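Side chains included, hydrogens not; waters and symmetry mates left out as well; all remaining heavy atoms used. Given the structure is predicted, the values throughout are model-derived calculations rather than measurements. Letters go in sequence order (proteins before strands), and every chain restarts at 1.
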Number of protein chains: 2
Amino acid sequence: MNYKIKSRIWIEADNNVFLGEGRVRLLKAIDTDGSLSKAAKSLEMSYKKAWTLLDAVNKSATKPVVITSVGGKNGGGAKLTPYGKSLIIAFDTINKGCWKYLDKHLDKINSI
Amino acid sequence: MNYKIKSRIWIEADNNVFLGEGRVRLLKAIDTDGSLSKAAKSLEMSYKKAWTLLDAVNKSATKPVVITSVGGKNGGGAKLTPYGKSLIIAFDTINKGCWKYLDKHLDKINSI
DNA sequence: AACCGTTATATTTATAAAGAAATAACGCTA
DNA sequence: TAGCGTTATTTCTTTATAAATATAACGGTT
């Protein structure tokens, strides 16, 4: 039997978690759906949990990541800023690179 | 303010966690102390928690990692196998390399 | 045979995290 | 002004995790 190697990476700001895989997944869904409640539904997550995650992201970010609006034509919505979109891309790039690095070095374990 | 990037890596065997940072820390303490109960104390962890961790390691390992003995001269003890010692070294090597990789690419986030 | 320091295990009790449900507020539309 | 679909927030309940406690078994030593 061969072992597998796994990882989780996350970004911290001032000792608080800012971005992780779950939060990036939520940001992607917001970008697709244009709404926090719809994003929550599409991820099979409670609205409250999604709201709490997004709130944490916005509070620890150095620049706005998602702009929310309440009321109006369609009831409101949530929209990623260009900064938010760039964050998703950068995070995914680093994450995939990390996986690649780890897979490349797993034989250090399997060959013992 | 600048972001920091953090990670956790772990090894899985057959969809079960085999080795992670906490388990490696425990193995190191066992190697130092020669006893699971002493290792637990030195890590300020309950004996039961330490035992459960070690049990999980032994159950999912492909080769013996720690040999325990009960009764006898000093009441018994726990001793790493050569395989166990090699695992610690390999895990730490990969983990440090992962940190280095991530730190090198953090500017992808900070420079947005 | 009694003692000792271990490993091994079950049971109970706290504590923390997650989930569910309800409600308010907002601003456009009709 | 009543209705709609959102965001925003509180409260309560449930579930999962961790911690604490107790006890058995082992095999040398004295």
Subject >> Gap between atoms NZ and P, on Lys41(B) and dG5(C) respectively (whole Å) >> reply: 10 Å
Subject >> Sorted by number, the residues of residues 44-55 of chain B with heavy-atom contact under 4.0 Å to DNA chain D >> reply: Lys48(B), Lys49(B)
Subject >> Candidate list Ile89(A), Ile94(A), Leu87(A), test side-chain contact (heavy atoms from CB on, under 4.5 Å), partner Lys108(B), passing option >> reply: Ile94(A)
Subject >> Leu106(A) with Tyr83(B), same ILVMFWY side-chain cluster at under 4.5 Å >> reply: yes
**OP:** By nearest nucleotide on DNA chain D, pick out whichever of Gly71(B) and Gly71(A) is the more 5' one.
**Re:** Gly71(A)
Subject >> Nucleotide range of DNA chain D lying under 4.0 Å from chain A heavy atoms >> reply: dG5(D) to dT11(D)
Original post:
When clusters are formed by joining ILVMFWY residues with side-chain heavy atoms under 4.5 Å apart, either directly or through shared neighbours, do Ile112(A) and Ile9(B) land in the same one?
Top reply: yes
**OP:** Consider the side chain of Lys73(A), meaning its heavy atoms from C-beta on, and name the nucleotide among dC26(C), dT7(C), dT29(C) that approaches it most closely.
**Re:** dT29(C)
Original post:
Considering all heavy atoms of both residues, which atom of Ala56(B) and which atom of Ser60(B) are nearest to each other, and what is their separation?
Top reply: O-OG, 2.9 Å
Original post:
Same cluster for Ile109(B) and Val66(A) if Ile/Leu/Val/Met/Phe/Trp/Tyr side chains link at under 4.5 Å?
Top reply: yes
Original post:
Phosphate oxygens OP1/OP2 of dT7(C): is one of them under 4.0 Å from a side-chain N or O of Ser37(B)?
Top reply: yes
Original post:
Which heavy atom of Leu27(A) sits nearest a heavy atom of Leu80(A), and at what distance?
Top reply: O-CD1, 3.4 Å
**OP:** With DNA chain C as reference, determine whether Ala78(B) or Val70(A) sits nearer its 5' end, using the nearest nucleotide of each.
**Re:** Ala78(B)
Original post:
Is Leu26(A) linked to Val57(A) within one hydrophobic cluster, defined over Ile, Leu, Val, Met, Phe, Trp and Tyr using a side-chain heavy-atom separation of less than 4.5 Å?
Top reply: yes
Original post:
How would you list, by chain and number, every residue that makes a ring pair (Phe, Tyr, Trp, His ring centres under 6.0 Å) with Phe91(B), sequence neighbours excluded?
Top reply: none
